[in-house]
A.B. asks: 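Would you mind keeping the following structure in view while I ask a few things?
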Amino acid sequence: MLFITMNVYQGLPTNVIADNTSRTVVAATLTGISEALVATPFERGQSLLQTPAFHGKIKNTLDLRHHLRSIQQWYRGFSAILIRNCSTNCLFFVCRNPLR
């Protein structure tokens with residue numbers, strides 16, 4: 001998903017941003033946002049299933065679905081994941097070609 005969305009966002013019209021590095025930073029940030037929107041519920045479920053406090057309460061993924069009922073509970077920690085994804089994507093894609 002990372003490279004597909006990066007290619008899509010880099011293919012956006014270039015008349016708005018002329019500089020190639022700036023276009024890469026914007027595309028990497030949008031890629032991080034897209035990735036966070038998709039991956040946050042899965043990371044939330046994984047962290048709850050691995051937490052020892054929930055071993056007796058949550059047995060499997062279907063039980064997790066009944067435990068987390070609202071959208072706020074599924075996207076808890078979204079801002080931290082958003083910061084992580086955007087910053088690392090920008091760093092990776094900006095440094096990718098010069099270091100090759």
Side-chain angles (χ1 to χ4, degrees):
M1 179 179 166
L2 177 74
F3 294 103
I4 293 170
T5 54
M6 183 64 182
N7 288 335
V8 168
Y9 291 134
Q10 273 189 330
L12 292 177
T14 58
N15 58 357
V16 177
I17 302 171
D19 185 27
N20 193 25
T21 304
S22 299
R23 192 175 330 124
T24 302
V25 169
V26 170
T29 303
L30 291 173
T31 300
I33 293 169
S34 301
E35 189 179 5
L37 283 171
V38 172
T40 300
F42 295 107
E43 291 188 25
R44 175 76 173 140
Q46 180 182 7
S47 66
L48 285 179
L49 287 170
Q50 291 177 345
T51 303
F54 292 104
H55 280 180
K57 297 177 184 175
I58 303 172
K59 296 179 179 154
N60 54 29
T61 308
L62 290 175
D63 195 27
L64 176 70
R65 197 181 88 213
H66 294 294
H67 185 73
L68 299 176
R69 295 189 179 158
S70 69
I71 194 80
Q72 288 111 358
Q73 291 175 344
W74 280 104
Y75 280 92
R76 186 174 177 188
F78 177 74
S79 59
I81 293 171
L82 188 67
I83 292 169
R84 179 195 68 192
N85 287 353
C86 291
S87 60
T88 56
N89 284 350
C90 287
L91 184 65
F92 175 76
F93 284 112
V94 168
C95 296
R96 181 178 173 201
N97 289 332
L99 293 178
R100 270 191 183 173

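Any value given below was found using the heavy atoms of this structure, including those in side chains, with hydrogens, waters and symmetry copies removed.
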A.B. asks: Which heavy-atom pair separates Tyr9 from Ser34 by the least distance, and what is that distance?
C.D. replies: OH-OG, 2.8 Å
A.B. asks: Just how far is it from atom CG of Leu82 to atom OG1 of Thr40, taken to the nearest 0.5 Å?
C.D. replies: 8.0 Å
A.B. asks: Say you draw a straight line from OH of Tyr75 to CG of Leu37; how long is it, rounded to the nearest 0.5 Å?
C.D. replies: 6.0 Å
A.B. asks: Is Asn89 close to Glu35 at the side-chain level, that is, under 4.5 Å between some pair of heavy atoms?
C.D. replies: yes
A.B. asks: If you link ILVMFWY side chains whenever their heavy atoms are less than 4.5 Å apart, which other residues fall into the same cluster as Leu2? By chain and number, please.
C.D. replies: Phe3, Met6, Phe92, Phe93
A.B. asks: Can you list every pair that meets side chain to side chain donor-acceptor pair (under 3.5 Å) and has a residue in residues 41-54, with sequence neighbours left out?
C.D. replies: Glu43-Arg84
A.B. asks: Tell me who clusters with Val38, hydrophobic residues only, linked when side chains sit under 4.5 Å apart either directly or through other members.
C.D. replies: Met1
A.B. asks: What donor-acceptor contacts under 3.5 angstrom involve side-chain atoms of residues 58-66, with partners at least two apart or in another chain?
C.D. replies:
from  : atom 1 : to    : atom 2 : distance (Å)
Asn60 : OD1    : Leu62 : N      : 3.3
Asn60 : OD1    : Asp63 : N      : 2.9
Asp63 : OD2    : Lys59 : N      : 3.1

A.B. asks: Mind checking whether Val25 and Val94 have side chains closer than 4.5 Å, heavy atoms only?
C.D. replies: yes
A.B. asks: Quick one: ring pair (Phe, Tyr, Trp, His ring centres under 6.0 Å) pairs with a partner in residues 37-57, sequence neighbours left out?
C.D. replies: Phe54-His67
A.B. asks: Of all residues at least two apart in sequence or in a different chain, which pass the side chain to side chain donor-acceptor pair (under 3.5 Å) check with Thr29?
C.D. replies: none
